[in-house]
Visitor: 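Dropping the structure in here first, questions after.
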Amino acid sequence: MNILLTGGLGFIGSHTAVVLAQQGHQVVILDNLCNSQMEVLANLESITGKKLRFYEADIREGLALRKILSDNQIEAVMHFAGLKSVAESAQDPLKYYDNNVCGTINLIEAMQAEKINKFIFSSSATVYGVPQYLPYDEDHPLEPINTYGKTKLQVEEILQDLVKSDPSWSVVALRYFNPVGAHESGLIGESPKGVPNNLMPYICQVASGKLPHLNIFGDDYETKDGTGERDYIHVMDLAEGHVAALNFVNQHPGFHAINLGTGVSYSVYDLIGAFEQAANSMIVRKVQPRRSGDLAIYYAKADKAKNLLGWQAKRDLQVMCKSGWNFHKQKS
Ligand code: NAD
Ligand code: UDP
């Protein structure tokens, strides 16, 4: 199929581009490079051995979008483009509503004009908010506790209304848990700009000596060892989940929200331990107060993805740490 990946040079989009191209799909990438680099494109071409069509464009540019959709006879869109920092979304909410919500409306309007109605959206486990029970299943109440999460929920609601108004649309909102790791080649991975917010990229920078120590944000949670627990998922598993979702949208009109997680939670200490083994180095750490806005523990109920998409995560914590570290070493 001819598939447009918005934000396709970013962390998750680039890994999905590899899997799609390797399965014979025609991948077209659109990205405004606000959080990615052009060199990712060359690396994608070297991994896949294929030339990929790329447009430096913004999802908020309606006319450009329509031309890209029609020139490439796009049949389905995977929408990764978005801003994702919880902290920044608190400081600059309008930037987040503009990019994530207005940008998505603009994109689906362009799709509607070009009569394209298959859509896979990058949603997030942050839509659930404070757990009322765990694991989160897709019917858990949706009460995001930060602006970033609200933008994801608003888009899901817009998509649901769209499907109600025109049942020929086929939409899957994939609610990702905590993506980590990198492609086995070490050519693509996660390269946050500035000091990382997330645990795995931060640990990589401590291991390489770029940062002096890891701050552990709280060791007094009601979890197995007092540190926060999350459902870490290998980005290649996530990428394969998108291919499964593509097969599904081809046959199932309607709106479907589906968790992509492993169903297992690991603590900060678990991740440090696995990383130390994978990288064969010690991670200097200091326990600090809790980070504001953090939840103690959450993880996915992953059954819906298994039942509807025939997909489940395969790669374990060791593979996540090894591949993440391999990418970081090659890059630095
Ligand atoms: P990323 O920042 O690496 O990739 C996003 C890409 O979108 C970047 O290349 C950026 O340049 C591009 N982009 C942003 N705004 C754009 C715009 N207006 N027009 C065109 N391109 C634009 O992020 P990622 O980790 O790959 O995340 C992809 C999607 O998944 C995002 O929507 C994010 O909110 C969502 N998500 C990510 C995580 C995570 O932890 N990484 C978890 C849940 C959901
Ligand atoms: N965390 C930490 N130190 C860091 C970054 C994160 O202790 O430098 C903890 C954080 O408190 C949480 C877990 O690691 O319990 C995962 O955090 P991350 O920011 O990677 O993901 P999210 O909070 O978005 O789930």
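This chain uses plain numbering: 1 for the first residue, then up along the sequence. In each ligand, atom 1 is the first atom listed, and ligand 1 is the first ligand listed.
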Visitor: Please say whether Asp58 places an N or O atom under 3.5 Å from an N or O atom belonging to ligand 1.
Guide: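 Yes - when backbone and side-chain N and O of Asp58 are compared with those of ligand 1, one distance drops under 3.5 Å.
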Visitor: Less than 4.5 Å apart, any side-chain heavy atom of Phe11 and any of Phe80?
Guide: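 A side-chain contact under 4.5 Å is absent here.
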Visitor: So, Thr262 versus Tyr232: side-chain donor-acceptor pair below 3.5 Å or not?
Guide: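 Checked: Thr262/Tyr232 side chains show no N/O donor-acceptor pair below 3.5 Å.
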Visitor: From the options Ser85, Ser124, Ser36, Gly149, select the one whose nearest heavy atom is closest to atom 43 (C) of ligand 1.
Guide: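 When every heavy atom of Ser85, Ser124, Ser36, Gly149 is considered, Ser124 comes closest to atom 43 (C) of ligand 1.
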Visitor: For ligand 1 and Asn99, I'd like to know whether there is a polar contact (N/O to N/O, distance under 3.5 Å).
Guide: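 Yes - when backbone and side-chain N and O of Asn99 are compared with those of ligand 1, one distance drops under 3.5 Å.
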Visitor: May I have the step-by-step check of side chain to side chain contact (heavy atoms under 4.5 Å, CB included) for Asp161 and Leu159, ending in yes or no?
Guide: CA-CA 5 Å; Asp161 285 346; Leu159 291 168; over 6 Å; no
Visitor: Closer than 4.0 Å to some heavy atom of Arg60 - which atoms of ligand 1 meet that?
Guide: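 Listed by number with element, the hits are 18 (N).
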Visitor: Does an N or O from Ile59, backbone or side chain, lie closer than 3.5 Å to an N or O of ligand 1?
Guide: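 In this structure, Ile59 places an N or O atom under 3.5 Å from an N or O of ligand 1.
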Visitor: Heavy-atom contacts with Gly10 under 4.0 Å: which atoms of ligand 1 show up? List them by number with element.
Guide: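 In order of numbering, the contacting atoms are 3 (O), 4 (O), 9 (O), 26 (O).
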Visitor: Within the structure provided, determine whether Glu114 and Lys67 are in side-chain contact (heavy-atom separation under 4.5 Å).
Guide: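 Not touching, per the 4.5 Å side-chain cut-off.
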Visitor: Answer with side chain, backbone, both or neither: which part of Ala125 has a heavy atom less than 4.0 angstrom from an atom of ligand 1?
Guide: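 Neither part.
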Visitor: Once you measure the plane-to-plane angle for Phe119 and Phe121, does it fall in the parallel (<30°), tilted (30-60°) or perpendicular (>60°) bin?
Guide: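 Phe119 and Phe121: parallel rings.
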Visitor: Ile12 versus ligand 1: do any nitrogen or oxygen atoms come within less than 3.5 Å of each other?
Guide: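 Yes, there is a polar N/O contact under 3.5 Å.
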Visitor: Any salt bridge between Lys95 and Asp98, counting N to O under 4.0 Å?
Guide: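 No, no charged N to carboxylate O under 4.0 Å.
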Visitor: Does the N or O separation between Cys34 and ligand 1 drop below 3.5 Å for any pair?
Guide: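 Cys34 vs ligand 1: N/O contact under 3.5 Å present.
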Visitor: Starting from atom 13 (N) of ligand 1, which protein heavy atom do you reach first, and at what distance in Å?
Guide: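 Atom 13 (N) of ligand 1 sits closest to the protein heavy atom Asn32 OD1, 3.5 Å.
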Visitor: I'd like to check whether Glu190 has a polar contact with ligand 1, where a contact means an N/O of the residue lying under 3.5 Å from an N/O of the ligand.
Guide: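 By distance alone, the answer is no.
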Visitor: Given that the side chain starts at C-beta and the backbone is N, CA, C, O, which of these parts of Asn198 lies under 4.0 Å from ligand 1, counting heavy atoms, or is it both or neither?
Guide: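 Answer for Asn198: neither.
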Visitor: Kindly assign one of parallel, tilted or perpendicular to the pair Tyr96 and Tyr148, based on the angle between their ring planes and the thresholds 30° and 60°.
Guide: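 Taking Tyr148 first and then Tyr96, their aromatic rings stand perpendicular (interplane angle over 60°).
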Visitor: Kindly tell me which protein residues have any non-hydrogen atom under 4.0 angstrom away from an atom of ligand 2, grouped by chain and ordered by number?
Guide: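 Within 4.0 Å of ligand 2, protein side: Asn178, Asn197, Asn198, Leu199, Tyr202, Leu214, Asn215, Ile216, Phe217, Gly228, Arg230, Tyr232, Val268, Arg291, Asp294, Tyr298.
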Visitor: Between Glu45 and Lys51, is there a side-chain N and carboxylate O pair less than 4.0 Å apart?
Guide: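 Result for this pair is yes, salt bridge flagged.
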Visitor: Does Glu109 pair with Arg66 as a salt bridge, N-O distance under 4.0 Å?
Guide: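 Between Arg66 and Glu109 there is no salt bridge, as every charged N stays at least 4.0 Å from the carboxylate O atoms.
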Visitor: Do Arg291 and Asp294 meet the salt-bridge criterion of a basic N to acidic O distance under 4.0 Å?
Guide: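 Yes, Asp294 and Arg291 are salt-bridged.
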Visitor: Does the gap between the ring centers of Tyr128 and Tyr298 come in under 6.0 Å?
Guide: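 No, the ring of Tyr128 stays outside the 6.0 Å limit from the ring of Tyr298, centre to centre.
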Visitor: Do Leu33 and Glu56 have side chains that get closer than 4.5 Å, going by heavy atoms?
Guide: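 Touching, per the 4.5 Å side-chain cut-off.
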Visitor: Tell me if the centroids of the rings in Phe248 and His242 come within less than 6.0 Å of each other.
Guide: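 Not close enough - the centres of the two rings lie 6.0 Å or further apart.
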Visitor: His252 vs His256 aromatic rings, parallel, tilted or perpendicular, using cut-offs 30° and 60°?
Guide: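 Answer is perpendicular, since the angle exceeds 60°.
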Visitor: Are Lys301 and Glu138 within salt-bridge range, i.e. N to O under 4.0 Å?
Guide: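 Result for this pair is no, no salt bridge flagged.
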Visitor: Should you measure from each heavy atom of Ser122, which atoms of ligand 1 turn up under 4.0 Å away?
Guide: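 Going through ligand 1 atom by atom, the ones under 4.0 Å from Ser122 are 29 (C), 30 (O), 32 (O), 35 (C).
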Visitor: Regarding ligand 1, does Phe80 bring an N or O atom to under 3.5 Å of one of the ligand's N or O atoms?
Guide: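 Yes, at least one N or O pair falls under 3.5 Å.
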Visitor: Is Gly7 in polar range of ligand 1, meaning some N or O pair under 3.5 Å apart?
Guide: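 No; the residue has no nitrogen or oxygen that sits under 3.5 Å from a nitrogen or oxygen of the ligand.
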Visitor: Which atoms from ligand 1 have a heavy atom of Leu33 less than 4.0 Å away?
Guide: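 Listed by number with element, the hits are 11 (O).
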Visitor: Which of the numbered atoms in ligand 1 are below 4.0 angstrom from a heavy atom of Tyr148?
Guide: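 Heavy-atom distances to Tyr148 below 4.0 Å select 33 (C), 34 (O), 35 (C), 36 (N), 43 (C), 44 (C).
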Visitor: Output yes when the distance from some N or O of ligand 1 to some N or O of Ser123 is under 3.5 Å, and no in every other case.
Guide: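 For ligand 1, there is no N or O atom that lies under 3.5 Å from one belonging to Ser123.
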